[in-house]
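Shown next, in C-alpha cells, is the structure this report addresses.
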Amino acid sequence: MRIAIVSDIHGNRQAFEAVLDAVAGSDSEELWCLGDLVGYGAEPDACVELARRHAAICLAGNHDLGVCGSLPLEEFSRGANLAAKWTQGVITPETLAYLKQLEPVNTDEPVGLYHASPRDPIWEYVLSPLQAELCLDVQSHRVCLIGHSHVALYFCRAVGSSATGETRGADEELAIDSGEWLINPGSVGQPRDGDPRAAWLELDTDRWTAVYRRTEYDIAAAAAAIRAARLPDSLAERLAFGQ
Ligand code: ZN
C-alpha cells in the first residue's frame, strides 16, 4: 500500500491544506497522521476537522494529550503551555471529543506507528544514533514511523551493524526493504530542520520505499493567524525560518 505520512500539524491550517492538496495529487491511497494536531498554531478546530475527514489513522501527540487534560501542562515549555491553554479555551466540544479518543501508539499495521518513539511514545525526541539503538531494540516492527522532533530524518540498522542516520531533504528516497528503521517525516505545521516548507512522507509498503516531500504554503498567513490570536509572537516568527 502507498500511504502519505504526516505529523505535527500544530494548528497550522494553511500548511495542512497545502499538504493535503499535494497528497491528493500523489498516488497515495491513505493518509496516516502521527499526532500533534493542535498546539502552537491558531486553527486547531480546522486542523482536527481536516484530520477527521482525511486521515485513516491518527495518533495522539503530547500536545493533543495536554489539551485534553491527560498530561499535566507543567511539563510543557512556556510557549507550548500558553498555546495549550489558549487551545483549551477556543476548541469546540467536537474537537475535544475527537482528540480524547486518540492514542499515541498503533501497532496494528505493517509498520509500527508512534508519536515520539517506540520506548516512550509521548515524550522522547529521537535525534541520536544511540537513542535509535535503544528504540530499535524494543520495537516489534522492522520499520517504525515516529514524529515529535519536527526533523525529517531516519535511523537504520543493518544486521550486525550499529544504527546510523541522517536528516533528509525534499525528494530524497530511502530503500527500506532490509534492515531495521526509524523514520520521521518531519513536521507539517512547524518544521524545525531549517526548511520552512511543510514536511511529509510517501511510504510504499509493497516496494518498501519512503520518499521525503516538502510542500510550500502561505507562511505569512499562518503567522498572521497566530498574531491575531495573540499567541506568543515567537510562534509566528519561527515558521519563516523552519526552526
Ligand atoms: Zn509536535
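Note that ligands are numbered from 1 as they come in the structure, with each ligand's atoms numbered from 1 the same way. Counting begins at 1 with the first residue of the sequence.
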Notebook entry, point to check: Is Leu174 reachable from Met1 through a run of I, L, V, M, F, W or Y residues, each pair having side-chain heavy atoms under 4.5 Å apart?
Noted result: yes

Checklist line | Partner of Arg213 by salt bridge (Lys or Arg N to Asp or Glu O under 4.0 Å), out of Asp171, Asp21, Asp195 | finding: Asp171

Note to self: Could you check whether any side-chain heavy atom of Tyr154 comes within less than 4.5 Å of a side-chain heavy atom of Glu166, counting everything from C-beta outward?
What the structure shows: yes

Next item on the list: Give every protein N, O or S atom lying under 2.8 Å from the Zn ion (ligand 1), naming each by residue and atom.
Entry: Asp8 OD1, His10 NE2, Asp36 OD2, His150 NE2

Note to self: Taking atom CD as the centre, does Glu172 end up with more than 12 heavy-atom neighbours from other residues, nucleotides or ligands that are less than 6.0 angstrom away?
What the structure shows: yes

Checklist line | Test: Glu202 and Arg2 ion pair at under 4.0 Å | finding: no

Item checked: With Tyr125 via ring-ring contact (aromatic ring centres under 6.0 Å, His included) - residues at least two apart -> His148

